[in-house]
Amino acid sequence: MELYLDLHSQPCRSVYLLAKRTGIPFTFKPVDLSAGQQFGEDFGKVSVVRKVPAMKDGDFILTESVAILQYMVEKFPQLVPGHWYPSDLQRRALVNEFLSWQHTALRAHGSKVFWFRAVVTVVTGTAVPKEKMDSALEDLKQTMDLFQSKFLKDSSFIAGEEVSLADLVAIVEIMQPVGTGLDVFEGQPALSAWRERVKKVIGEELFDEAHQSIMNVDCLAKTFQDNGMLEFLKPRINKMFT
């Protein structure tokens, strides 16, 4: 199995962490998004959507992180403990509910804050207008509040008392704005305790390894300058955020 990943990407981190934590055998195929490698001819042969993560298992290809996670769980039942994707109907439904919700909520708002704080100013040379930044931060706050009240509630993990794919996807999404210096865990003891439980299950060393690149996003400016991506990204950034 080949996994095409860039660990700056939160969906890539979820796939990487599950595979590493459970011992699923795979070959790491790095795709440097900051250098535009997703637009290259070689990666285009793997994924016509030109996004990571992508998985190639023989001749079989998947290009969506949730589908890849579910595929790995079901392909390697001897390696992946059942709590990651519970067989119990209602607990699995809770996992699926979160995985369906997070795309347009936690991921959308966390990613927007990440781009505003770590990428837009670097690429355009212009600060994000205060009203847009404030709006993005408020959307993220409301989403984080909903995450706690709706999905986490008083349980140890999203689907009950054992960790699941839902927690794995949630933690990598929440770490995205954290990488820009925004501590969304500050003043949130229940959320912080959940994070520590998830980290303990994953293993702190593996968790930190997977998040090393996102916790050093200050290097992005020099990276974009060195690889010539600034001019390539400017019109796309302007189209997205202005």
Side-chain angles (χ1 to χ4, degrees), residues 1-81 83-85 99 102-103 107 110-111 114 118-119 163-176 178-179 198-220 222-224 226-229 233:
M1 177 182 290
E2 297 175 345
L3 296 177
Y4 294 78
L5 310 169
D6 182 331
L7 296 184
H8 283 98
S9 157
Q10 54 272 49
C12 287
R13 293 197 299 274
S14 66
V15 169
Y16 178 80
L17 284 170
L18 180 69
K20 290 284 286 187
R21 176 64 182 84
T22 60
I24 292 173
F26 72 97
T27 301
F28 188 114
K29 295 286 188 176
V31 179
D32 188 347
L33 299 179
S34 69
Q37 289 182 356
Q38 69 272 34
F39 301 113
E41 182 179 351
D42 289 343
F43 186 65
K45 296 175 182 177
V46 176
S47 173
V48 296
V49 300
R50 296 186 178 277
K51 294 181 179 180
V52 289
M55 182 209 78
K56 191 170 184 289
D57 188 13
D59 294 329
F60 181 67
I61 293 173
L62 282 177
T63 60
E64 289 292 328
S65 59
V66 170
I68 293 170
L69 289 168
Q70 293 168 336
Y71 179 86
M72 292 195 300
V73 167
E74 293 171 347
K75 180 179 173 67
F76 297 101
Q78 73 279 17
L79 295 176
V80 184
H83 61 76
W84 286 106
Y85 199 43
L99 294 177
Q102 56 90 24
H103 292 287
R107 176 148 205 259
S111 294
F114 173 81
V119 181
V163 74
S164 71
L165 296 182
D167 301 283
L168 186 60
V169 170
I171 193 64
V172 297
E173 295 294 346
I174 294 172
M175 289 301 294
Q176 201 73 359
V178 171
V198 176
K199 285 181 67 173
K200 184 176 181 180
V201 172
I202 293 172
E204 291 198 16
E205 185 175 347
L206 175 58
F207 184 90
D208 291 341
E209 174 204 333
H211 288 89
Q212 181 177 3
S213 58
I214 204 64
M215 298 305 291
N216 290 282
V217 291
D218 289 345
C219 300
L220 278 179
K222 186 176 187 305
T223 299
F224 288 145
D226 290 348
N227 61 29
M229 284 293 287
L233 287 170

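Just so we're clear, the structure is a prediction, and the values are computed from it rather than from any experiment.
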Of the non-hydrogen atoms in [X] and [Y], which two are nearest, and what is the gap between them?
| X | Y | result |
| --- | --- | --- |
| Leu7 | Ala210 | CB-O, 3.9 Å |
| Ile171 | Phe207 | CG1-CE1, 3.7 Å |
| Ala54 | Val46 | CB-CG1, 4.2 Å |
| Leu5 | Pro53 | CD2-CB, 3.6 Å |
| Pro81 | Thr22 | CD-CG2, 4.2 Å |
| Ala19 | Leu3 | CB-CD1, 4.2 Å |

task = Under the side chain to side chain contact (heavy atoms under 4.5 Å, CB included) rule, what do Thr63 and Lys51 come out as? Steps first, then yes or no, please.
result = CA-CA 7 Å; Thr63 60; Lys51 294 181 179 180; over 6 Å; no
In the structure I gave you, are the side-chain heavy atoms of [X] and [Y] within less than 4.5 Å of one another anywhere?
| X | Y | answer |
| --- | --- | --- |
| Lys75 | Asp57 | yes |
| Lys29 | Lys56 | no |
| Leu99 | Gln70 | yes |
| Ile61 | Ser47 | no |
| Met72 | Ile68 | yes |
| His83 | Val163 | yes |
| Val73 | Leu18 | yes |
| Val15 | Leu69 | yes |

Separation between [atom1] of [X] and [atom2] of [Y], rounded to the nearest 0.5 Å:
| X | Y | atom1 | atom2 | value |
| --- | --- | --- | --- | --- |
| Arg107 | Ser65 | CZ | OG | 7.0 Å |
| Glu205 | Lys199 | CD | NZ | 12.0 Å |
| Ile214 | Asp6 | CD1 | CG | 9.0 Å |
| Phe39 | Arg50 | CZ | CZ | 8.0 Å |
| Met1 | Phe26 | CE | CZ | 10.0 Å |

ask   = With no hydrogens and no angle check, do the side chains of Gln10 and Ser111 hold a donor and an acceptor under 3.5 Å apart?
value = yes
query = Regarding Gln37 and Tyr4, is there a side-chain donor-to-acceptor distance under 3.5 Å anywhere?
reply = no
query = Can you list the steps and then say if Met175 with Met215 is a side chain to side chain contact (heavy atoms under 4.5 Å, CB included)?
reply = CA-CA 9 Å; Met175 289 301 294; Met215 298 305 291; 4.0 Å; yes
query = Under the 3.5 angstrom rule, does the side chain of Asp167 hit a backbone N or O of Val198 as a donor-acceptor pair?
reply = no
query = Between Arg21 (side chain) and Leu206 (backbone), is there a donor-acceptor pair under 3.5 Å?
reply = no
inquiry  = So, applying side-chain contact (heavy atoms from CB on, under 4.5 Å) with Glu173, which one of His103, Gln102, Arg13 is it?
reply    = Gln102
ask   = Can you check side chain to side chain contact (heavy atoms under 4.5 Å, CB included) on Glu74 and Tyr85, steps first, answer last?
value = CA-CA 9 Å; Glu74 293 171 347; Tyr85 199 43; 4.0 Å; yes
